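Because the structure is predicted, anything quoted here is derived from the model rather than measured. Note that ligands are numbered from 1 as they come in the structure, with each ligand's atoms numbered from 1 the same way.
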Amino acid sequence: MNELASWGLTARRSQGMNGGVGCGRLGRVVRVDRGECDVVTERGVVRVLSDSVRAQGATAPVTGDWVEIEYLDGLGTVISEICERSTVVSRRDPARRDIEQVLATNVDLVGVVHGLDLPLVPSRLERLLVVAINSGATPLLILTKADLRDSSNATEDILRSLYKDIAVLVTSIVDHRGLRELADCIGVGRTLALIGTSGVGKSALVNALLGLELLEVGEVRDDGQGRHITTVRELLMLPNEAGLVLDTPGLRSLGLWEAEHALELVFGDLEEIAVECRFGDCTHRCEPACAVLAGVADGSIDANRVARYADLVAELATQRRREQRGNSRTRKA
Ligand SMILES: Nc1nc2c(ncn2[C@@H]2O[C@H](COP(=O)(O)OP(=O)(O)O)[C@@H](O)[C@H]2O)c(=O)[nH]1
Ligand SMILES: [Mg+2]
Ligand SMILES: [Zn+2]
């Protein structure tokens with residue numbers, strides 16, 4: 001058993017490393033600050049400079065990355081290599097729309113968190129699900145604050161019937177329901193990343209899992225929106241080395257990035273019907289012989305859901321065009 005197994009190092013990955021560039025020490029990034037990161041290694045956590053003198057190209061280290069670190073005279077410890085990522089949680093960069101922003105890497109599960117105290121906003125949930133599935137990790141729906149749910153709240157049933165292949169866990173930090181199951185879902189050496197809007201209870205859930213008040217939990221404002229408290233993305237070890245959790249700051253904007261396939265999975269029911277449309281590139285807005293619009297007309301399909309789907313398809317097409325323009329600019333330069 002290697003020393004870093006509880007941090008997610010598999011035999012396959014460590015073998016891959018030996019054949020790699022090589023002489024550095026292997027570790028996993030557990031926290032990223034401006035210009036520096038914490039890397040856990042066999043000999044404990046090392047503070048390193050995240051900018052290598054060896055040009056890393058465009059890749060910056062992200063929490064979850066496996067890296068090689070090296071001591072350089074006059075400079076200190078630096079990351080010399082970022083290992084290939086098995087999964088990538090990312091969105092479109094909110095500041096620069098033509099680039100991808102990576103939020104976390106090498107995670108096994110992505111938990112989409114929704115608070116049962118508030119009504120479901122389908123468009124938001126669908127975006128989060130697309131991001132979760134697109135990461136390559138296993139998506140999970142986590143419904144928090146079950147102690148505050150009123151009896152008319154049908155969110156859980158709706159989600160279970162819409163997303164049959166995705167596990168739904170109902171939790172509460174007050175009566176502790178679902179916490180054990182969630183920890184069991186993670187398991188030794190596996191990483192769960194939590195995504196969701198601010199105030200849904202991500203940090204509180206991490207705290208409850210850790211059994212420790214490690215992360216500051218925000219007060220809920222009157223408008224029901226939690227304050228943005230979590231600013232670092234830190235990979236944390238559960239007690240008894242039972243698994244790893246990664247909290248992310250509430251995502252105000254969640255632009256999709258190269259997620260066509262994941263989008264098709266989230267709207268799998270519509271995709272199935274769409275094979276009956278006359279045109280292969282049917283947008284289900286106005287085309288003749290559109291099976292989806294026929295479903296809307298006979299009441300079997302929710303028109304709003306179709307509209308949201310069409311919007312996301314259009315958004316991804318726009319992102320692709322922007323990206324292609326960006327690439328051609330880079331080539332000319
Ligand atoms: N009653 C109840 N409140 C919760 C639960 N989980 C979180 N909260 C509260 O929701 C608020 C926002 O939680 P926080 O973890 O900061 O949300 P985050 O922005 O997603 O990290 C805090 O006041 C928490 O105490 C829960 O299971 N039950
Ligand atoms: Mg938080
Ligand atoms: Zn159609």
Side-chain angles (χ1 to χ4, degrees), residues 63 103-104 110-118 121 124-125 128 141-150 153 155-156 169-182 192-236 245-252 254 264 267 269-298 300-301 303 305-307 309-311 313-314:
T63 307
L103 301 171
V110 178
V112 171
V113 185
H114 166 72
L116 287 171
D117 58 330
L118 292 175
V121 182
R124 193 186 292 158
L125 187 88
L128 288 162
L141 277 163
I142 303 175
L143 308 180
T144 57
K145 312 194 193 186
D147 57 289
L148 297 179
R149 153 172 61 180
D150 72 55
N153 190 325
T155 298
E156 188 184 341
L169 282 179
V170 177
T171 65
S172 163
I173 62 157
V174 174
D175 59 24
H176 299 145
R177 97 185 72 166
L179 298 179
R180 185 74 264 157
E181 283 158 271
L182 181 55
L192 164 72
L194 298 176
I195 59 173
T197 38
S198 190
V200 292
K202 298 180 297 299
S203 303
L205 193 59
V206 169
N207 280 351
L209 286 171
L210 294 175
L212 295 166
E213 294 296 308
L214 268 187
L215 301 169
E216 204 180 345
V217 174
E219 307 268 296
V220 169
R221 286 191 311 228
D222 288 338
D223 61 0
Q225 304 282 302
R227 276 191 281 135
H228 281 259
I229 297 288
T230 313
T231 51
V232 290
R233 294 188 256 275
E234 190 164 3
L235 188 63
L236 297 164
V245 279
L246 177 57
D247 193 9
T248 64
L251 301 172
R252 276 185 207 283
L254 198 61
E264 285 172 15
F267 292 92
D269 52 330
L270 298 184
E271 283 285 321
E272 262 171 40
I273 295 162
V275 297
E276 305 289 326
C277 296
R278 178 182 299 164
F279 301 106
D281 60 351
C282 186
T283 65
H284 326 303
R285 288 187 200 267
C286 54
E287 285 85 349
C290 168
V292 174
L293 290 179
V296 170
D298 73 19
S300 61
I301 298 176
R305 193 147 179 276
V306 175
Y309 178 46
D311 285 350
V313 170

**Q** Does V174 reach ligand 1, in the sense of a heavy atom lying below 4.0 Å from it?
**A** yes

**Q** Which of the numbered atoms in ligand 1 are below 4.0 angstrom from a heavy atom of K202?
**A**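 Atoms satisfying the 4.0 Å criterion: 15 (O), 17 (O), 18 (P), 19 (O), 20 (O), 21 (O).
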
**Q** Report the residue from I195, L192, T248, L246 that forms a side chain to side chain contact (heavy atoms under 4.5 Å, CB included) with V110.
**A**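 Testing each of I195, L192, T248, L246 against V110, the sole residue satisfying side chain to side chain contact (heavy atoms under 4.5 Å, CB included) is I195.
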
**Q** Can you find a heavy atom in the side chain of V112 that is under 4.5 Å from one in the side chain of I142?
**A** no

**Q** Heavy atoms only, cut-off 4.0 Å: how does V200 contact ligand 1, side chain, backbone, both, or neither?
**A**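 It is both parts that get close, each with some atom under 4.0 Å.
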
**Q** Are S198 and ligand 1 in contact, using a heavy-atom cut-off of under 4.0 Å?
**A** yes

**Q** Just going by heavy-atom distances, which of A204, G199, S203 is nearest to atom 19 (O) of ligand 1?
**A** G199

**Q** The test is side chain to side chain contact (heavy atoms under 4.5 Å, CB included); show your working for I301 and L270 and say whether it passes.
**A** CA-CA 8 Å; I301 298 176; L270 298 184; 3.7 Å; yes

**Q** With atoms numbered from 1 as shown, which atoms in ligand 1 lie under 4.0 angstrom from a non-hydrogen atom of D147?
**A**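 Per the distance check, 1 (N), 2 (C), 26 (C), 27 (O), 28 (N).
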
**Q** So, is S203 placed with an N/O/S atom under 2.8 Å from the Mg ion (ligand 2), counting both backbone and side chain?
**A**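 Given the 2.8 Å cut-off, S203 counts as a ligand of the Mg ion (ligand 2).
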
**Q** Could R305 and D269 be called an ion pair, given the rule that one side-chain N must be under 4.0 Å from one carboxylate O?
**A** yes

**Q** Which atom, among the N/O/S set of H284, is closest to the Zn ion (ligand 3)?
**A** ND1

**Q** Applying a 4.0 Å heavy-atom criterion (strictly less than), which segment of I173 is in contact with ligand 1: side chain, backbone, both, or neither?
**A**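 Contact part for I173 vs ligand 1: both backbone and side chain.
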
**Q** Under the 3.5 angstrom rule, does the side chain of T144 hit a backbone N or O of V200 as a donor-acceptor pair?
**A** yes

**Q** Answer yes when K202 and D247 have at least one side-chain N-carboxylate O distance shorter than 4.0 Å, and no when they do not.
**A**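 No, no charged N to carboxylate O under 4.0 Å.
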
